[in-house]
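Being a predicted model, the structure only gives us computed values, none of them experimental.
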There are 2 protein chains.
Amino acid sequence: MFKLNKMTDYAVVMMADMARMTDDMRTAPQLAEATGVPLPTVSKLLKNLANAGLMQSQRGASGGYSLSRAPEDISVAEIIAAVEGPIALTACVDGSPDQCGVETICAMRGNWDKVNRAVRGALEQVTLADMMVSAFEFGIPAPAERAGAAS
Amino acid sequence: MFKLNKMTDYAVVMMADMARMTDDMRTAPQLAEATGVPLPTVSKLLKNLANAGLMQSQRGASGGYSLSRAPEDISVAEIIAAVEGPIALTACVDGSPDQCGVETICAMRGNWDKVNRAVRGALEQVTLADMMVSAFEFGIPAPAERAGAAS
DNA sequence: TCAAAAGGTACCAGATTAGTACTGATTGCG
DNA sequence: CGCAATCAGTACTAATCTGGTACCTTTTGA
């Protein structure tokens with residue numbers, strides 16, 4: 001299905017949630033409360049996002065996290081990369097030299113790079129700001145509507 | 001990581017292999033031999049590809065499979081869709097009504113559709129013919145080359 | 001009628017993921 | 001100074017998913 005990890009889904013939701021209140025810092029428990037994602041998971045995700053430079057963290061009492069950039073400047077590609085590692089469709093294309101024992105297959109691996117580039121390019125076009133638009137500006141689509149097409 | 005299933009990888013390899021000899025029909029055992037992919041797996045994949053209309057199957061003795069279209073007319077998107085189901089990055093976007101119990105998350109699900117469309121569009125640009133080019137025309141890229149770059 | 005090949009279903013083992021728990025490090029505040 | 005709140009990191013477990021296998025049925029040409 002090509003589905004991305006639930007983690008990435010969470011990450012985008014969390015960042016979108018933070019994007020709505022950029023002024024103040026938010027703690028992991030606050031975000032867990034706001035999104036409904038279990039706290040340990042939120043904490044882990046925030047750590048990854050901070051390491052990737054998408055968030056700034058402030059340690060100590062009254063610390064917390066905040067977006068390091070404007071939502072328009074954060075692409076979905078970056079979020080995915082932060083949570084799941086570099087965006088690549090096959091296991092064989094990055095780093096690991098010889099884990100695929102089948103020659104005929106490996107002969108084609110280089111071509112997956114085209115696909116990777118295409119996908120990465122597409123994901124870089126979509127920003128965090130894009131992900132917020134309809135939900136918070138145009139209202140949430142009615143449940144009946146979602147049930148038919150996309151829930 | 002965003003990696004696609006090994007199945008899809010196999011599928012592309014198999015189809016590319018078949019594309020090189022469109023004249024005659026090929027059987028599952030032949031393809032398994034040629035690609036090094038275990039026979040039962042090949043068989044399962046061929047079935048899916050045939051159901052998706054990417055291949056034509058001929059039952060009975062001296063039967064087999066053949067591509068139903070020219071390699072230039074088969075997109076990677078189609079192959080992925082045939083093997084892994086419809087291309088959608090989240091589990092929640094197609095069909096299933098209420099499997100995500102978190103409201104805040106679901107409020108944003110509609111926006112993943114943008115990402116899905118972007119990715120699907122990108123994958124539709126890459127054809128099976130594209131996947132064959134360098135491997136069989138320009139030669140296989142050196143392992144050292146791949147190890148360094150090629151994200 | 002037989003054998004070869006596709007079509008289908010069910011199942012198992014290994015790998016991966018999501019989630020939890022625990023411990024350590026940093027910093028603001030009383 | 002020391003406590004408490006918060007981030008940081010590691011290790012572990014349970015559950016899901018994937019890749020692969022086995023077995024049987026159906027079709028069809030010789």
Review point. OP1 or OP2 of C/dG19 less than 4.0 angstrom from a side-chain nitrogen or oxygen of A/Y10, does that happen here?
Key: yes
Review point. Between B/R69 and B/E78, is there a side-chain N and carboxylate O pair less than 4.0 Å apart?
Key: yes
Revision key, fill the gap. When rounded to whole Å, the CD to P distance for the pair A/Q56 and D/dC7 reads 14 Å
Exercise for review: Determine, stepwise, if the pair B/Q56 / B/S66 fulfils side-chain contact (heavy atoms from CB on, under 4.5 Å).
Suggested key: CA-CA 5 Å; B/Q56 287 173 327; B/S66 60; 3.9 Å; yes
Practice item. Could you tell me the separation between the CG atom of A/L39 and the P atom of C/dC22, rounded to a whole number of Å? Key: 14 Å
Check your understanding: What integer distance in Å separates A/E33:CD from D/dT6:P?
Key -> 14 Å
Check your understanding: In whole Å, what is the span from the CE atom of A/M14 to the P atom of C/dA18?
Key -> 14 Å
Point to revise | Nucleotide C/dT16, atom P - distance to CE of A/M7 in whole Å | key: 16 Å
Review point. Are side-chain heavy atoms of A/I74 and A/L54 found at a separation under 4.5 Å?
Key: yes
**Study point:** Validation row: A/M131, B/V115 side chains within 4.5 angstrom (heavy atoms)
**Key:** yes
Review point. Checking all strands, does B/P40 fall into the base, sugar-phosphate, or nothing category for heavy-atom contacts under 4.0 angstrom?
Key: base
Study note, to complete from the structure: Nucleotide by nucleotide, nucleotides 4-15 of chain C touches protein heavy atoms under 4.0 Å in the pattern (B base, S sugar-phosphate only, - none) BSBSBB------
**Study point:** Between P of D/dC7 and CD of A/Q30, the distance in whole Å
**Key:** 9 Å
Point to revise | Length of the line joining A/L45:CG and C/dA18:P, which is rounded to integer Å | key: 9 Å
Revision key, fill the gap. A/E72 and A/T127 have their tightest heavy-atom pair at O-CG2, 3.4 Å
Review point. Are A/M7 and A/E84 side-chain neighbours, meaning at least one heavy-atom pair lies under 4.5 Å?
Key: no
